[in-house]
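Following: one structure in structure tokens, then a few remarks.
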Amino acid sequence: MTIDYTERIPNNVNLAGDRALQRALEQWQPDFVGWWNEVGPAGTQDHDVYLRTAIGVESDDWAHFDYVKMPDYRWGIFLAPAAKERRIHFGDHMGEAAWQDVPGEHRANLRRIIVTQGNLRRIIVTQGDTEPASVEQQRHLGRTAPSLYDLRNLFQINVEEGRHLWAMVYLLHRYFGRDGREEAAALLERRSGDADNPRILGAFNEPTPDWLSFFMFTHFTDRDGKFQLKALAESGFDPLARTTRFMLTEEAHHMFVGDAGVSRVIQRTCQVMNELATDDPEKLCAAGVIDLATLQRYLNAHYSVTLDLFGADQSSNAATFYGSGLKGRFDEAKFEDDHRLHGETYEILEVKDGRLEPRRVPMLNALNELLRDDFIRDSQNGVDRWNKRIEKTGVRPRLFLPHKAFNRRIGTLSAVKVSPEGRVVSDAEWNARVTEWLPTEGDRAFVASLMGRVVEPGKFAGWIAPPASGINGQAFDFQYVRFG
Ligand code: BYC
């Protein structure tokens, strides 16, 4: 399963054995490079970056670290090794051999086949769309990096999101014919935040204008990536399962960057709180650090917009995806039920007489909510880690996850206004207090004012602590990026 880097498109899928596919992807390649140059990381043409590149797909040997000129990064197509005799392990096709091709080709019910193929394509397109979107959102962050170490991590994430786009485009080209090629072209045409041709999902049209937003995004929104990819790694469509399994190995670093990034901001803030013996936001701002209340507002914004990414709390799409074996649950094998779920129920929250009330509904329809709840538990662990970090400095811990109904735009809960504590509030109260709960123009302007580029090896901006250790065993005064 080694990756062939002598090919124009590095791959471990024997691309050379399918000339038509290879040609089609080689035609898409310059469009991808054009997109990268137009809306990828700005001003990086002459950057030499200490990056990891996949050289294999086995868990212990795939990462190779070296300097790479940014425009020379080798994006490719890598699938995790196939599991022997893999079977579909959930839904109505449970027990059948996993599909090596688009499901249903030889089945009698044509209408169902078309629906299943359409759903599979839709899932792949939605997943694929998020990848270039995040690169676009992060385009200008390199100009205000708090250190060389952070700059390198940003670029690592950007090139890997680019590769994740390749992963989905390969599936579209390989398995969906002309429709797939058209979808692959459209993935390079939509733009994050564009009024006429935006990215598909809400969070991917929000700006990521500063590094606090970037760390919150990689902590929360990349964590949605983890949960969605884990659900897709269960897929009965084996090429999707294998490609998402490999993507997950890369995703872990992205979440680490967010988790550790916020933690370092907290550490620096608490250090200054102790030095000045104050928790007064104004004094802390004047000292050039981000106070915990501002941090909480950023957390509230990124967490709530990410909760929306799981879709509506009741979704017939989700039921169909599961029943037809396309998308499983997080860690499907760990559930001790029949993995078909007819007759099972799950609790969701509903709005009744202006109050939030639990209600049990068929689990098949509530699979988005189930995955969202898995994500909430994982996010809570993250906040617990941050609070421990605060506690260690002697400052009183105070970060928390807002209620899941807070600031929602998708699903039943979008019909009500809810405070971070979970109390339904009137429009008037929401409007009066929203500046306590979500970042204000003033917060954003303040955070933006802290963002100045620091590129001297081993130096860090004043609003963030250095990391606990460097990348790949290197020191943190290592020259992670060389400028040409
Ligand atoms: N914004 O029935 P519903 C990642 C739409 S992140 C706007 O609930 P469904 C990454 C929905 O499309 C992981 N629209 O939908 C992270 C539907 O529209 P139509 C990305 C939304 O299908 C960081 C309608 O509302 N991967 O990898 O059950 C950096 C009805 O909703 C939103 C995936 O998402 C929204 N937030 O669930 C880089 C996996 N939510 O068809 C990368 C693939 C819903 O009526 N996607 N809508 O026009 C899916 O599995 C599903 O599409 C969703 C939506 C879970 C997203």
Side-chain angles (χ1 to χ4, degrees), residues 115 118-138 141 154 156-168 171 183 187 190 192-193 198-206 208 213-235 237 240-241 243-244 247-248 250-255 257-258 302-324 326-330 348 361 364-372 374-375 407-414:
V115 170
N119 281 336
L120 183 55
R121 197 177 71 219
R122 209 187 104 162
I123 289 173
I124 293 169
V125 166
T126 308
Q127 177 63 50
D129 190 70
T130 63
E131 317 290 359
S134 67
V135 174
E136 292 163 9
Q137 288 169 300
Q138 295 161 17
L141 288 174
L154 168 72
Q156 183 71 59
I157 290 173
N158 291 161
V159 293
E160 282 172 356
E161 301 300 11
R163 208 202 63 70
H164 292 180
L165 170 61
W166 269 94
M168 293 301 121
L171 296 178
E183 294 281 19
L187 286 171
R190 283 187 287 271
S192 175
R199 291 294 171 185
I200 297 170
L201 298 174
F204 294 91
N205 289 304
E206 301 282 331
T208 312
S213 299
F214 172 65
F215 291 138
M216 289 290 180
F217 181 95
T218 42
H219 181 81
F220 288 116
T221 310
D222 278 83
R223 194 168 304 276
D224 169 50
K226 165 183 161 182
F227 280 83
Q228 298 292 350
L229 290 174
K230 285 280 273 181
L232 297 179
E234 306 284 349
S235 182
F237 179 50
L240 178 61
T243 198
T244 46
M247 287 161 75
L248 275 159
E250 295 173 327
E251 201 69 40
H253 174 69
H254 306 184
M255 284 181 297
V257 167
H302 284 268
Y303 175 69
S304 54
V305 82
T306 303
L307 286 184
D308 277 338
L309 289 177
F310 291 84
D313 30 39
Q314 290 194 77
S315 163
S316 59
N317 287 339
T320 310
F321 295 167
Y322 186 86
S324 51
L326 303 182
K327 182 178 176 186
R329 287 172 291 179
F330 181 81
I348 64 159
V361 297
L364 274 171
N365 284 324
L367 289 172
N368 286 345
E369 195 64 13
L370 180 72
L371 196 60
R372 184 169 17 246
D374 288 331
F375 165 84
N407 193 36
R408 294 289 303 282
R409 305 241 164 88
I410 300 281
T412 317
L413 300 173
S414 63

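Remember, it's 1-based here, ligands and their atoms both numbered in the order they're listed. These numbers come from a predicted model, not from an experiment.
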Can you list the steps and then say if His253 with Gln156 is a side chain to side chain donor-acceptor pair (under 3.5 Å)?
CA-CA 9 Å; His253 174 69; Gln156 183 71 59; 5.7 Å; no
Would you mind listing each N/O atom of ligand 1 next to any protein N/O under 3.5 Å, plus the distance?
residue, atom, partner, partner atom, Å
ligand 1, 1 (N), Gly202, N, 2.9
ligand 1, 2 (O), Ser315, OG, 2.9
ligand 1, 2 (O), Asn317, ND2, 3.3
ligand 1, 8 (O), Ala312, N, 2.5
ligand 1, 8 (O), Asn368, ND2, 3.3
ligand 1, 22 (O), Arg122, NH2, 2.8
ligand 1, 22 (O), Asn317, ND2, 3.2
ligand 1, 26 (N), Gln127, OE1, 2.6
ligand 1, 27 (O), Gln127, NE2, 2.8
ligand 1, 28 (O), Ser315, OG, 2.7
ligand 1, 28 (O), Asn368, ND2, 3.0
ligand 1, 36 (N), Asp308, O, 3.1
ligand 1, 41 (O), Arg122, NH1, 2.7
ligand 1, 50 (O), Lys327, NZ, 2.6

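The aromatic rings of Phe217 and Phe204 sit perpendicular, their planes meeting at an angle over 60°, well past the 30° parallel limit. Between Tyr303 and Phe375, the ring planes are parallel. Angles under 30° get that label, and only those over 60° would be called perpendicular.
A salt bridge (charged side-chain N to carboxylate O under 4.0 Å, His left out) with Arg199 is found for exactly one of Glu206, Glu136, Glu131, namely Glu136.
Annotation: cation-pi geometry satisfied between Lys230 and Phe330 (NZ/CZ under 6.0 angstrom from ring centroid, within 45° of ring axis).
Between the side chain of Ser414 and the backbone N or O of Arg408 there is no donor-acceptor pair closer than 3.5 Å.
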